[in-house]
Visitor: 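Provided herewith is a single structure, encoded as structure tokens, for subsequent inquiry.
Each ligand, and each atom within it, is numbered from 1 in the order the structure gives. Since we're looking at a predicted model, the values are computed, not measured.
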Amino acid sequence: MKTLVINGSPRGRRSNSQRMADAFLKGIKEAGGAGKTIFLWEYDIQHCRGCFSCWTKTPHVCVIQDDMPLLRRELYGVALLVLAFPLYVDSMPGQLKAFFDRCIAGMAPWFAQDEQGETRHRETGMACRFAVLCNCGYPEQSHFQAVDLLFARMARNFNTTVAAAVYRSQGSLLQSEQEGLQPLLNAYFADLQEAGRVVDSGQPIPAALQARLEQPLLAKEAYLAAAEASWRRHRSIDAGSDD
Ligand SMILES: Cc1cc2nc3c(=O)[nH]c(=O)nc-3n(C[C@H](O)[C@H](O)[C@H](O)COP(=O)(O)O)c2cc1C
């Protein structure tokens with residue numbers, strides 16, 4: 001399956017999102033899929049101006065001259081679009097949102113009804129399914145409620161589906177070098193790799209695997225204490241004091 005990974009973190013190659021994407025893509029490639037990664041923050045993506053020129057005067061062509069035509073070309077022939085990003089204010093980072101807003105140039109204005117009788121566009125320019133890999137800083141999985149609904153709705157709107165969604169609270173632990181955490185992290189990344197393998201074969205992630213992927217890495221209290229200690233350390237280093 002031809003896969004495109006879009007990394008939506010401003011931290012790009014050094015991001016927790018990329019740790020998730022790397023493991024997932026490894027599984028996809030093991031299953032015979034092909035894939036490349038695009039770091040969205042390396043591209044010039046301006047905001048949609050809402051002029052609708054791409055639906056009227058110049059169908060499918062946006063008035064803005066930036067990197068979006070190049071990015072839209074990357075979507076040709078892609079069967080699975082992996083979206084790896086951090087949770088920002090219960091949603092996606094602005095650059096990723098700007099990318100999706102600009103994808104409306106691929107749509108045409110003509111309406112259609114979905115199976116539930118709800119309106120969407122007949123032609124959406126998005127032929128690929130979505131796989132969502134999102135991590136966040138808080139310790140609970142409940143923080144992904146809005147983003148889960150958001151991507152389900154976006155997929156409906158683009159006339160596609162969410163093939164897989166993996167949410168990782170306590171995301172900062174994904175790059176922890178703490179010795180005691182390594183067996184846990186290795187098991188987690190092996191599970192993510194397995195999820196990539198399964199999704200490439202066109203199957204949903206099995207419930208037991210999904211449940212393992214959603215388990216907390218650390219108990220909430222331990223995570224909160226470690227996070228607070230880490231922020232305190234950073235503060236005192238930045239301030240050049242040890243208060
Ligand atoms: C602007 C901003 C908004 C954030 N909003 C949330 C949030 O709503 N909930 C949350 O749990 N973490 C939030 N975070 C924390 C990030 O999701 C977290 O640091 C994540 O691990 C970063 O992943 P990355 O390395 O892939 O960029 C926010 C971080 C930033 C910089």
Visitor: Among residues at least two apart in sequence or on other chains, which ones pass salt bridge (charged side-chain N to carboxylate O under 4.0 Å, His left out) with Glu214?
Guide: none

Visitor: Can you pull out every ring-ring contact (aromatic ring centres under 6.0 Å, His included) where at least one residue sits in residues 28-49? Sequence neighbours excluded, please.
Guide: none

Visitor: Examine Val5 and Val132 and state if one hydrophobic cluster contains both, with Ile, Leu, Val, Met, Phe, Trp and Tyr joined whenever side-chain heavy atoms are less than 4.5 Å apart.
Guide: no

Visitor: The criterion is ring pair (Phe, Tyr, Trp, His ring centres under 6.0 Å); which residues satisfy it with Phe24, sequence neighbours excluded?
Guide: none

Visitor: Using the rule that two of Ile, Leu, Val, Met, Phe, Trp, Tyr join whenever any of their side-chain heavy atoms come within less than 4.5 Å, decide whether Leu87 and Tyr223 are in one cluster.
Guide: no

Visitor: Check whether Asp101 reaches the backbone of Cys48 with its side chain - one donor and one acceptor, N or O, closer than 3.5 Å.
Guide: no

Visitor: For ligand 1, what are the residues with a heavy-atom contact below 4.0 Å?
Guide: Ser9, Arg11, Ser15, Asn16, Ser17, Pro86, Leu87, Tyr88, Val89, Asp90, Asn135, Cys136, Gly137, Tyr138

